[in-house]
Every structure is written in structure tokens, then in C-alpha cells.
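In what follows, every chain begins at residue 1, and chains take the letters A, B, ... in the order their sequences are listed. What's counted below: heavy atoms across the whole structure, side chains too, no hydrogens, waters or symmetry copies. Small disclaimer: the values here were computed from a predicted structure and weren't measured.
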Amino acid sequence: MLQIFNTRTRRMEPFEPTDPKAVRVYVCGVTVYDDCHLGHARMLVVFDLVVRYLRRLGYGVRYVRNLTDIDDKIIRRAAELGEPFDHLARRMIDRFHEDQEALGIAPPDVEPCATAHIEAMISLIDRLCTRGAAYQGANRDIYFRVARFPAYGTLSGRRLEELRVGSRIGIDETKEDPLDFVLWKAAKPGEPAWPSPWGSGRPGWHIECSAMSMALLELPIDIHGGGQDLEFPHHENEVAQSEAATGRPFVRYWIHNGFVQVGEDKMAKSQGNFMTIREALERYDPETLRLWLLASHYRSPVAFTGENLARARSSLERFYLALRGLPEPVGVDPAVFAPWESRFAAAMDDDFNTPDALAVLFDLAREINRVRAEDPMRASRLGAGLRELARVFGLLGSDAEVFLRGNRHGVSDEWVEDQMRERQRSREAGRYAEADRIRQTLLDAGILVEDGPGQQARWRRRPPSAS
RNA sequence: GGCCAGGUGGCAGAGUGGUCAUGCAGCGGCCUGCAAAGCCGUCAACGCCGGUUCGAUCCCGACCCUGGCCUCCA
């Protein structure tokens, strides 16, 4: 049975969805003011994995992941660029979708934009006001009254007093309590604004996820996820708003993924140490990026280094080398496959333990290599099993030969084939010195030649070394 | 300062109270015209100090170190 580490309780808990036919998943997506970086990629890949695995377990899943298309950063960036904020957002959404597709992320079932749900946010805020959980400050902004929600701090494991003592909470005269957070911002001149009972303005950040998740999923939501940096205050505030407004439990399992690190630091826009997804895709193929991210447990930090990426690429080559040249599988053989499948499932059931599951895939690859000479059909069936399990990772979906040959770097396939034929003639004539010289020529061009049994020789591209 | 997470072999990275993680790298062998790939074997670790235990990397306590959150953030 699937066990999930629930941030709220900081324990492993058996996963029991409210409705197994429609598991409700909400993930906080991205703010569309700039291209996404590898930190976002990790979030996308991790929750893609979660949803894929839930579906593999037979659950029906309704996966909602939002787009924040109105906020301070968007307004500021749009002003810098001299374009309307919604125009900038639209452009970034398109680019985000390109990134998503390139990474092989299955799109969510629903991808709501904040600006399409302003009405829902207003009515939610209105409800909070009615219940005394919100108030209007002297600056006309609407704030959530944290004091009215005793459970505040439960998710992130903080106590109100500790937070108030925290040196980094700024004093704001318009708030009753420094912990109160904004629900609705009164419009300033020139800013995008929507009409509301409190005057024209725009939503605060946290409210959108409460409003959209409730609008698109029934409460309680089974799984609500996002990056670890959203744990506090964003998700804490979501809980407060949502539960104060409805009086019902908001989320059952909270899942937070760890960071991508550069050196000793978290990769972040504000640190200036980021690499965008599209920049990364110029240097690494999508499967390498995915495997790199999944080779660590989702809650652990993962380091962005050339060495780690090269390692991921090597791992992938090992898998594809095992799959290369297998006969077409004739069908599934449960007796052969079941033991591997159950080991894989045991790993994944343990809070999505991808490194452990990956070890199973490596063992499977070794078994394929072990039996391929004597029992090609068995090897082929195992290969089909390997591919099936790897699909949960979004990996090994390519043709092995195509992957190994690559297609983006260096010399043309035609030239390589010419050289191969030339070399083959030399070999057949026993002119090994010449054959070796051609091998070296190819190697210098990034092409690795592998002589197989009999006459067949194969080649593959070595990826450009990742410095 | 408060809170959270973590410190595992050369590197990456799981895990367990007492026989195997896994991958890369290394070493030895097999295979190969050579090589690559592959297979077999092999080396090697659990931050530090105490405690519990027949036995601890795994449990408890102290300490040291690292990262994160407390402000926008995946």
C-alpha cells in the first residue's frame, strides 16, 4: 500500500483517498513573469511522477495545477518591458507549455489561471469578512485575521508566538497583527484592477489557490503539493483561509518537493544562480534531465552539476544499451515480470522512493544483458517490462537506436554511415590498421564504434562532455 | 535567534538493529583482431562523543557541520 510522507504530520501515512475513482490533486504551479528554471522543472517532474504512479495504481486522478497570471512581479516586469501585463503572461504561458512538453510532462487535467477566477476569490474573501476572519485596513487592503484561526501554524510546525518574535516580520501599521496577510489589494493608479465590494483592486497571492482548488475540486483535497518554499507562508495561509471560510478540512496529504541546489545554495531567481529549462535543454536531452531529477528522493536536495548530469546520461545509456537490439516482444509474461514489478512497487509505495525503484530498473537491465544471448525472447519480455516500469518515470519511451545515436550534435549520420562502410571493407580485407584509423577518426568526431558478433557493427554518439 | 530537514564507501544515492542496495569510477577475470558494450568477481562507508543492547550506521542524549523556512520564491 502506498505510504506518503505528509508534511502536516511529518510522518508516513497510508494513502487513502476520499474517492479512489477521482483522486483530487492540486499543485501550486508557476508565476508567469519569466522563463521557468530547473527548480520549477523539479516540481513539474516530481508531481508528474506522483500522478503517473497514482494512475498506475489504478486510481482515477483529477490533477489541477494553476498558473499565477496576476501578481506584483508580473506587473513590474510588464512595466519594464512596456507591454500589458496580460500580454506578458500569455507569452510566458506559451513558453511554459513548450518547456512542459519538451520535458515530457503530462499536462494537468485542469490548468486554471488566477485571472479567470477573480469572482470566486471575491466571494471567498467576502465569506471571510462575514465570518469575522478578515478586515479592511486603513489602506483599504483586506487582510486575513490570523488571530481568528487558532490552528494557524499547524502545517509548517510553527507557533504564533515564535512567528511574532521572528525578527524578519516587518511592522505594518495597517495590520492588526504582523502575521495578518493580504487577501485583496486596493488598486494603485495604472495597475490592473477588478471591481469588488471593497473597491477596485486585485487579489493577494495566497487566495487564488484556495479559491481555485475549491472551485475545481471537492473538499477535502486529497493531495496538495508544491515546492518546499511554499510550505510557509503560502500553504499555511491557504489552509487558514480555506478552513476559516468553509469550516471544513482543506487538505489531507501535503507533499513538498526539495530544492535544486547550485553549489551550497538553492537555485532561485533571486539568487541569480538559475538555469532556465530551455537553456538546460540545449545541453542535455529531456530524459537525462528527468533521470537526474528522479535519481534523488523527491524530498532531498538535488545538486545541479555537470557531473550529476553526466551521470544521469550514463545511466540512461546503460538502459538503452540493454534495450537495443532486442527482438520485438511477443507479449507479457507475468511469471517473468511479476517479481520485478513487485519490487518496483514496494519501492514506489514507500513515499515514491525513486532511487530505490531505479535500483530495480538497473537490476532488470543487468538481467536482460545476462539472458539475452541464450534466451532472446525472455530478454525481450524483460525489456518490455523495463519500459513499462520506466514509463512511471517518463523514461525509456524512445527507440533505443535513436536515443543512442542522438541527432543534435556533430557530424551527419550519412557521413558516419560512409565511414562505417569504409571501415567494414577494411576489416573484411584484414586491414585492421586502417579500420582502427577510421575508428579513431569517428571517435574524434564523437562517434563510438562497437563491433558486434559477426559482421554487424554499431555506432552511437557520445554526448558532448558536460563541463 | 526560532523552527524544519539532513550529515552513508573516490563520487552520486537508497536502506537496515546482526549475510547484497544500485549506478559511475577503480582493480582482477571472461569475451573481443583491437576496442566498446556486456557478464563474473572484487575493494570500500555509515560526522563526533557517550548511552541502551548479546550486538548499532540504523534506537536515545549531547556536540560539530550543512541546507532550508521565518520576506517574493517550485
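With A:Phe5 as the aromatic partner, A:Arg299 meets the cation-pi criteria of under 6.0 angstrom to the ring centre and within 45 degrees of the ring axis.
A:Asn6 places no side-chain N or O within 3.5 Å of a backbone atom of A:Arg11 that could act as its donor or acceptor partner.
In this structure, A:Phe319 places its CZ atom 16 Å from C1' of B:A37, rounding to the nearest Å. For the pair A:Asp34 CG and B:A74 P, the interatomic distance rounds to 11 Å; values are reported in whole Å. The distance from atom CZ of A:Phe304 to atom P of B:G67 is 20 Å, rounded to the nearest whole Å. Rounding to whole angstrom units, CZ of residue A:Arg343 and C1' of B:G15 are separated by 13 Å. At whole-Å resolution of the value, CG in A:Asp350 and C1' in B:U16 are 12 Å apart.
Across B:G68, B:A74, B:G15, the shortest atom-to-atom separation from the side chain of A:Asp265 is found for B:G68. Comparing atom distances between the A:Asn353 side chain and each of B:A14, B:G68, B:C11 picks out B:A14 as nearest. Residue A:Glu307 places its side chain closer to B:C11 than to any other of B:A12, B:C11, B:A37. Taking the side chain of A:Met267 as heavy atoms from C-beta on, and the options B:A12, B:C72, B:A74, the nearest nucleotide is B:A74. With B:A74, B:G68, B:A14 as the choices, the nucleotide that has an atom nearest any side-chain atom of A:Leu230 turns out to be B:A74. For A:Leu163, taking side-chain heavy atoms from C-beta onward, the closest of the listed nucleotides B:A14, B:C70, B:C24 is B:C70. Comparing B:C69, B:G67, B:A14 by their closest approach to the side chain of A:Glu264 singles out B:G67.
Within 4.0 Å of A:Phe259, counting heavy atoms only, lies at least one base atom of the nucleic acid.
RNA chain B lies under 4.0 Å from at least one heavy atom of each of the following residues of residues 359-371 of chain A: A:Ala359, A:Phe362, A:Asp363, A:Arg366, A:Asn369, A:Arg370.
Regarding contacts with the backbone of B:G13, a side-chain N or O of A:Ser296 is found under 4.0 angstrom from either OP1 or OP2. The side chain of A:Arg318 places an N or O atom within less than 4.0 Å of a non-bridging phosphate oxygen (OP1 or OP2) of B:C39.
Of the residues A:Arg91, A:Arg90, A:His97, the one that meets the side chain to side chain donor-acceptor pair (under 3.5 Å) test with A:Asp94 is A:Arg90.
Salt bridge annotation for A:Arg461-A:Asp413: present, with a cationic side-chain nitrogen under 4.0 angstrom from a carboxylate oxygen. Electrostatic pairing of A:Arg76 and A:Asp72 does not count as a salt bridge here, judged by no charged N lying under 4.0 Å from a carboxylate O. Ion pairing between a basic and an acidic side chain is recognised when a charged N comes within 4.0 Å of a carboxylate O; A:Arg458 and A:Glu450 show no such pairing. Using a cut-off of 4.0 Å between Lys/Arg side-chain N and Asp/Glu carboxylate O, A:Glu98 and A:Arg95 are scored as not salt-bridged. A salt bridge links A:Arg290 with A:Asp48; the closest basic N to acidic carboxylate O contact falls under 4.0 Å. In summary, A:Arg460 and A:Glu317 engage in a salt bridge, as defined by a charged side-chain N under 4.0 Å from a carboxylate O. Using a cutoff of 4.0 Å between basic side-chain nitrogens and carboxylate oxygens, A:Lys185 and A:Asp141 are not scored as salt-bridged.
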**Complete:** Letter by letter from the 5' end, nucleotides 25-35 of chain B scores (B base, S sugar-phosphate only, - none; protein heavy atoms under 4.0 Å) --------BBB
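Donor-acceptor pairing under 3.5 Å is lacking for the side chains of A:Asp71 and A:Thr31.
Between the side chain of A:Arg10 and the base of B:C4 there is no donor-acceptor pair of N/O atoms closer than 3.5 Å.
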**Item:** Intra- and interstrand pairs of RNA chain B - dot-bracket, Watson-Crick/G-U under 3.5 Å, | marks other strand
**Value:** (((((((..(((.....[...))).(((((.......)))))....(.(((..]....))).))))))))....
